[in-house]
Q: 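Below: one structure in structure tokens.
To find a chain, count down the sequence lines: A is the first, B the second, and so on, and within it residues start at 1.
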Amino acid sequence: MKTFEYRTATGLADGLEPGAVFLAGGTNLVDLMKLGVATPDVLVDVTRLPLDQVTELPGGGVRIGSAVRNSDLAADRRIRTGYPVLSQALLAGASGQLRNMATTGGNLLQRTRCRYFMDATMPCNKHLPGSGCPAREGDHRNLAVLGGSDACIATHPSDMAVALAALDAVVQIDGPAGSRSIPVTDLHRLPGDTPERDTALEHGELITAVDLPVLPVAARSAYRKARDRASYAFAVGAVAAALEVKDGLVHDVRLAFGAVAPKPWRALAAEQALRGQPATRESFLAAADAELAAAQPLRDNAYKVTLIRNLTAATLSALTGDVR
Amino acid sequence: MRLTVNGAQHHLVGLDPRTTLLDVLRERLHLTGAKKGCDHGQCGACTVLLDGRRVNSCLILAITQPDARVTTVEGLGHRGEPHPVQQGFLEHDGFQCGYCTPGQICSAVGMLDEVAQGWPSAVTESDSEDLLADAEIRERMSGNLCRCGAYPNMVPAIREAAGR
Ligand SMILES: Cc1cc2nc3c(=O)[nH]c(=O)nc-3n(C[C@H](O)[C@H](O)[C@H](O)COP(=O)(O)OP(=O)(O)OC[C@H]3O[C@@H](n4cnc5c(N)ncnc54)[C@H](O)[C@@H]3O)c2cc1C
Ligand code: SF4
Ligand code: FES
Ligand code: FES
């Protein structure tokens with residue numbers, strides 16, 4: 001590991017000098033430093049900032065401090081009852097030990113698990129711009145079918161972020177140039193021809209919190225994750241869904257897909273196709289198809305299209321009370 | 001930098017910022033219970049309790065934990081009087097080669113505390129459920145791998161410890 005200076009952050013808007021990065025739980029950053037993929041000169045520890053609380057917002061809704069640990073958030077009563085999809089997504093991720101360290105901010109900003117990205121000796125446009133993308137011809141079994149580019153087809157690995165995308169969450173940001181807030185669905189960017197940039201954040205911008213809006217439909221929500229073993233593995237496909245049915249028709253719905261795109265994939269086309277339709281498996285499959293029409297699978301990841309289609313129908317069906 | 005490990009205070013001088021908590025425990029304090037299985041958060045062999053919570057010590061830079069209270073497997077129980085989880089592993093033969101065992105035991109101690117606080121797991125469906133059912137123990141302990149596959153006996157070992 002390359003050596004670095006260490007200090008604790010003192011203010012929210014301090015920003016970062018060139019070569020410096022924020023450190024939260026370290027479960028992704030320290031790993032990437034050991035692998036030689038991340039080579040910061042300075043680590044600025046943000047875990048001592050007063051950002052470790054879950055609080056109720058004045059107009060309703062919940063504010064999740066960016067330093068709240070994944071395990072604490074998953075166990076929070078307000079999350080378990082008001083936004084069960086978020087608690088379930090957190091608990092489906094990593095392990096008890098990792099969730100005890102991992103933070104809300106760090107989880108959102110964790111980097112892809114693409115094996116070439118994680119191997120400093122390999123070419124990869126994300127860790128070395130212009131070096132090429134060996135995944136396109138090589139191992140892309142768990143890489144993107146939606147939103148990828150010629151330059152990069154990485155998937156975003158977070159479970160939590162998929163739930164947040166479905167929940168219309170808003171990211172609160174602070175930095176030397178001031179504070180701003182953006183929908184979580186605008187936090188991660190598609191790779192285009194600059195895959196080295198994962199997000200819309202400027203260097204030195206700090207995520208201070210994630211806000212969940214008042215969202216009645218979220219009370220009936222769920223997260224389903226498919227993976228290669230029963231637990232302690234990243235998703236190969238995941239669905240976050242919230243559903244409200246009235247008189248047999250879909251009254252309101254939120255839907256997001258995980259492990260299929262460079263960002264948590266809010267499935268707006270599917271949602272639109274579903275509103276007002278009968279809450280049946282047939283409608284759910286048709287809605288998934290509406291979203292997946294844009295899929296561009298490669299040699300070894302076409303299974304994801306079928307997987308997400310079926311996961312969508314299964315998750316929504318279960319939410320109607322009709323478990324299949 | 002100060003670090004309290006198993007109740008004893010240590011002053012670490014000249015610590016390289018790159019040193020993980022696991023390396024401090026093993027190389028500086030010669031507490032070799034916690035193992036370096038993968039060094040990447042993937043196996044749980046390095047599990048210790050940090051201020052009472054189970055964590056992977058291989059992904060924690062020691063320098064980030066001034067004033068922390070660390071408990072390793074060496075700090076559980078007393079000579080001749082093992083911790084209930086250690087006792088459970090002995091009685092139920094919860095290991096084969098023993099390599100993963102210190103991590104399994106620390107993890108189980110942390111996990112039982114999480115259960116006592118009512119924390120849900122990925123397989124918890126309702127509040128009324130038995131949080132120490134077999135499926136619950138398996139899911140909650142899934143962050144600890146065992147190459148020998150000694151899992152079946154760990155499950156009753158852990159459940160029994162919860163009752164002691
Ligand atoms: C073996 C293993 C299995 C895993 N399995 C899963 C899984 O199944 N599902 C899943 O979702 N995740 C999984 N993870 C990933 C884990 O969830 C992430 O590593 C964790 O959430 C990162 O959080 P952290 O606080 O440790 O971040 P860090 O590692 O500290 O930071 C990650 C990034 O975020 C930046 N950052 C952190 N906080 C802020 C902030 N407030 N503002 C701006 N930037 C910030 C850092 O600079 C860094 O770039 C797994 C990890 C491991 C090692
Ligand atoms: S998919 Fe992206 S991260 Fe993976 S090798 Fe290609 S450029 Fe790198
Ligand atoms: S050595 Fe830390 S998890 Fe494997
Ligand atoms: S007992 Fe051998 S690795 Fe678990």
Q: Is the CD atom of B:Gln9 crowded by more than 12 outside heavy atoms at less than 6.0 Å?
A: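 Atom CD in B:Gln9 is packed in, count exceeds 12.
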
Q: Excluding sequence neighbours, so at least two apart, what forms salt bridge (Lys or Arg N to Asp or Glu O under 4.0 Å) with B:Glu74?
A: none

Q: Tell me whether the count of non-hydrogen atoms from other residues, nucleotides or ligands lying under 6.0 Å of CZ in B:Arg147 goes above 12.
A: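 Check fails, neighbour count at 12 or below.
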
Q: Do A:Glu5 and B:Pro17 come within less than 4.5 Å of each other through their side chains, counting heavy atoms only?
A: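 A side-chain contact under 4.5 Å is absent here.
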
Q: With a 4.5 angstrom heavy-atom cut-off, is it the side chain or the backbone of B:Asp16 that approaches chain A, or both, or neither?
A: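 B:Asp16 touches chain A through side-chain heavy atoms alone.
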
Q: Nearest 0.5 angstrom please: B:Arg140 CZ to A:Ser95 OG, how far?
A: 13.0 Å

Q: Flag yes if more than 12 heavy atoms outside B:His78 fall under 6.0 Å of its NE2 atom; otherwise flag no.
A: no

Q: Counting C-beta onward and ignoring hydrogens, is there a side-chain heavy-atom pair between B:Glu139 and A:Leu91 closer than 4.5 Å?
A: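 No, every pair of side-chain atoms sits at 4.5 Å or beyond.
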
Q: Report, by ascending residue number, the residues of residues 18-26 of chain A in heavy-atom contact with chain B at a distance under 4.5 Å; give 'none' if the set is empty.
A: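 Counting heavy atoms that sit under 4.5 Å from chain B, the residues of residues 18-26 of chain A involved are A:Leu23, A:Gly25, A:Gly26.
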
Q: What residues of residues 79-115 of chain B sit under 4.5 Å from chain A when you count only heavy atoms?
A: B:Ser107, B:Glu114

Q: Taking only residues two or more places apart in sequence or in another chain, which ones pass side-chain hydrogen bond (donor to acceptor under 3.5 Å, both in side chains) with A:Asp45?
A: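 Scan of A:Asp45 (side-chain hydrogen bond (donor to acceptor under 3.5 Å, both in side chains), adjacent residues dropped) gives A:Tyr6, A:Thr47.
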
Q: Return yes if some donor-acceptor pair links the side-chain N/O of A:Lys34 with the main-chain N/O of B:Cys58 below 3.5 Å, else return no.
A: yes

Q: Can you tell me how far apart OG (B:Ser121) and CZ (A:Arg99) are? Round to the nearest 0.5 Å.
A: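 Interatomic distance, B:Ser121 OG to A:Arg99 CZ, rounded to 0.5 Å: 8.0 Å.
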
Q: Over all heavy atoms of both residues, which pair between A:Ser71 and B:Trp119 is shortest? Give the atoms and the distance, please.
A: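 For A:Ser71 versus B:Trp119, the nearest heavy atoms are CB-CZ3, 3.5 Å.
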
Q: Select, from A:Ala94, A:Ala230, A:Pro84, A:Ser231, the one with the greatest count of heavy-atom pairs under 4.5 Å involving chain B.
A: A:Ser231

Q: Counting only heavy atoms closer than 4.5 Å, note whether A:Lys2 contacts chain B via side chain, backbone, both or neither.
A: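 The answer is the backbone of A:Lys2.
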
Q: Measure A:Arg7 against the heavy atoms of chain B and call it side chain, backbone, both or neither at under 4.5 Å.
A: neither

Q: Could you measure the distance from the CG atom of A:Leu43 to the CG atom of B:Leu61? Nearest 0.5 Å is fine.
A: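 Answer for the CG-CG pair, A:Leu43 versus B:Leu61, is 6.5 Å.
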
Q: Please answer whether the main-chain N or O of B:Arg54 pairs with a side-chain N or O of A:Asn100 as donor and acceptor at a distance below 3.5 Å.
A: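 Flag set: sc A:Asn100 to bb B:Arg54 pair under 3.5 Å.
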
Q: Measuring from A:Met1:CE to B:Thr19:OG1, what's the distance to the nearest 0.5 Å?
A: 9.0 Å

Q: Relative to chain A, which of B:Leu59, B:Ile60, B:Asn144 shows the most heavy atom pairs under 4.5 Å?
A: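 Among the listed options, the one with the most contacts to chain A is B:Leu59.
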
Q: NE2 of B:His40 to CG of A:Leu32: how many Å apart, nearest 0.5 Å?
A: 10.0 Å

Q: Minimum heavy-atom separation for A:Ala74 to B:Pro120, with atom names?
A: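 Looks like O-CG, 3.9 Å.
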
Q: Please rank A:Lys225, A:Arg80, A:Gln88 by heavy-atom pairs under 4.5 Å with chain B and give me the top one.
A: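 Result: the option with the highest number of such pairs is A:Arg80.
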
Q: Determine whether A:Val30 and B:Arg18 make a side-chain contact, defined as any pair of heavy atoms from C-beta on separated by less than 4.5 Å.
A: no

